[in-house]
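Residue numbers run from 1 in the order of the sequence given.
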Amino acid sequence: QVQLVESGGGLEQTGGSLKLSCAASGRSFSRNTMGWFRQAPGKEREFVATINWNGGNTNYASAVKGRFTISRDNAKNTVYLQMNSLKPEDTAVYYCAASAWATSVQMNTGSYNYWGQGTQVTVTS
């Protein structure tokens, strides 16, 4: 059974930092694309960041570019999201996602087959 388990969410002040982790189990994703999405109350799930299979290529939503960094450790089957200069509008449930087939960066939810349960990030002003 494939599982993606996020951790590292919490409450932070504006301008602060948090680092999310997503550990995969049940199969290796070392050859596949992984990504992060988020969903705020009353809004649709939106793309945040994606990383290709070997970490050599990344892509970010314009709202987080320059503040967030996605990375991965294939030996640990884990993807990370370092979030700096947090803003109240970053408040959302953050979801990790993994593709069963893609190797390049993917920005659409339809490219991902596996999802974590989500971790809450709340940024206070």
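Y80 and V105 fall into different hydrophobic clusters, where Ile, Leu, Val, Met, Phe, Trp and Tyr side chains are chained together by heavy-atom contacts under 4.5 Å. Residues Y94 and L18 share a hydrophobic cluster, clusters being chains of Ile/Leu/Val/Met/Phe/Trp/Tyr side chains in contact below 4.5 Å. Taken together through direct or relayed side-chain contacts under 4.5 Å among Ile, Leu, Val, Met, Phe, Trp and Tyr, Y112 and V79 form parts of separate hydrophobic clusters. In the hydrophobic clustering of ILVMFWY residues, with side-chain heavy atoms under 4.5 Å counting as a link, F37 and Y60 come out apart. Note: the hydrophobic cluster containing F47 does not contain Y114 (ILVMFWY, side chain heavy atoms under 4.5 Å, direct or indirect links).
Residues satisfying the side chain to side chain donor-acceptor pair (under 3.5 Å) criterion with T33, sequence neighbours excluded, are absent altogether. Applying the ring pair (Phe, Tyr, Trp, His ring centres under 6.0 Å) test to Y95 and every residue at least two apart in sequence or in another chain returns nothing. Partners of R45 under the salt bridge (Lys or Arg N to Asp or Glu O under 4.0 Å) rule, at least two apart in sequence or in another chain, do not exist in this structure. The side chain to side chain donor-acceptor pair (under 3.5 Å) search around E89 returns none, not counting sequence neighbours.
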For residues 3-15, dump all side-chain donor-acceptor pairs below 3.5 Å to protein atoms at least two apart in sequence or in another chain.
| residue | atom | partner | partner atom | Å |
| --- | --- | --- | --- | --- |
| E6 | OE1 | Q117 | N | 3.1 |
| E6 | OE1 | Q117 | NE2 | 3.3 |
| E6 | OE1 | G118 | N | 2.9 |
| E6 | OE2 | C96 | N | 2.8 |
| E6 | OE2 | G118 | N | 3.3 |
| T14 | OG1 | T124 | O | 2.8 |

Could you go through residues 64-76 and list every donor-acceptor pair under 3.5 Å that involves a side-chain atom there, pairing it with any protein atom two or more places apart or in another chain?
| residue | atom | partner | partner atom | Å |
| --- | --- | --- | --- | --- |
| R67 | NH1 | S85 | O | 2.9 |
| R67 | NH1 | D90 | OD2 | 2.8 |
| R67 | NH2 | A63 | O | 2.9 |
| R67 | NH2 | D90 | OD1 | 3.0 |
| R67 | NH2 | D90 | OD2 | 3.4 |
| R72 | NE | W53 | O | 3.4 |
| R72 | NE | N74 | OD1 | 2.7 |
| R72 | NH1 | N32 | O | 2.8 |
| R72 | NH1 | N52 | O | 2.8 |
| R72 | NH2 | F29 | O | 2.6 |
| R72 | NH2 | N32 | O | 3.0 |
| R72 | NH2 | N74 | OD1 | 3.2 |
| D73 | OD1 | A75 | N | 3.1 |
| D73 | OD1 | K76 | N | 3.4 |
| N74 | ND2 | S30 | O | 3.3 |
| N74 | ND2 | W53 | O | 3.0 |

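Residues S99 and S111 share a closest heavy-atom pair of OG-O, 2.9 Å.
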Intermediate values then yes/no, side-chain contact (heavy atoms from CB on, under 4.5 Å), V121 and L20 | CA-CA 9 Å; V121 171; L20 306 183; 4.1 Å; yes
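More than 12 heavy atoms of other shown residues, nucleotides or ligands fall within 6.0 angstrom of atom CZ in R27.
The backbone N or O of G56 sits less than 3.5 Å from a side-chain atom of N54, completing a donor-acceptor pair.
Atom CG of N84 sits about 10.5 Å away from atom NZ of K19, to the nearest 0.5 Å. The distance from the CD atom of Q120 to the CD atom of Q39 is 11.0 Å, given to the nearest 0.5 Å.
With a 4.5 Å cut-off on side-chain heavy atoms, S104 and Q106 count as touching.
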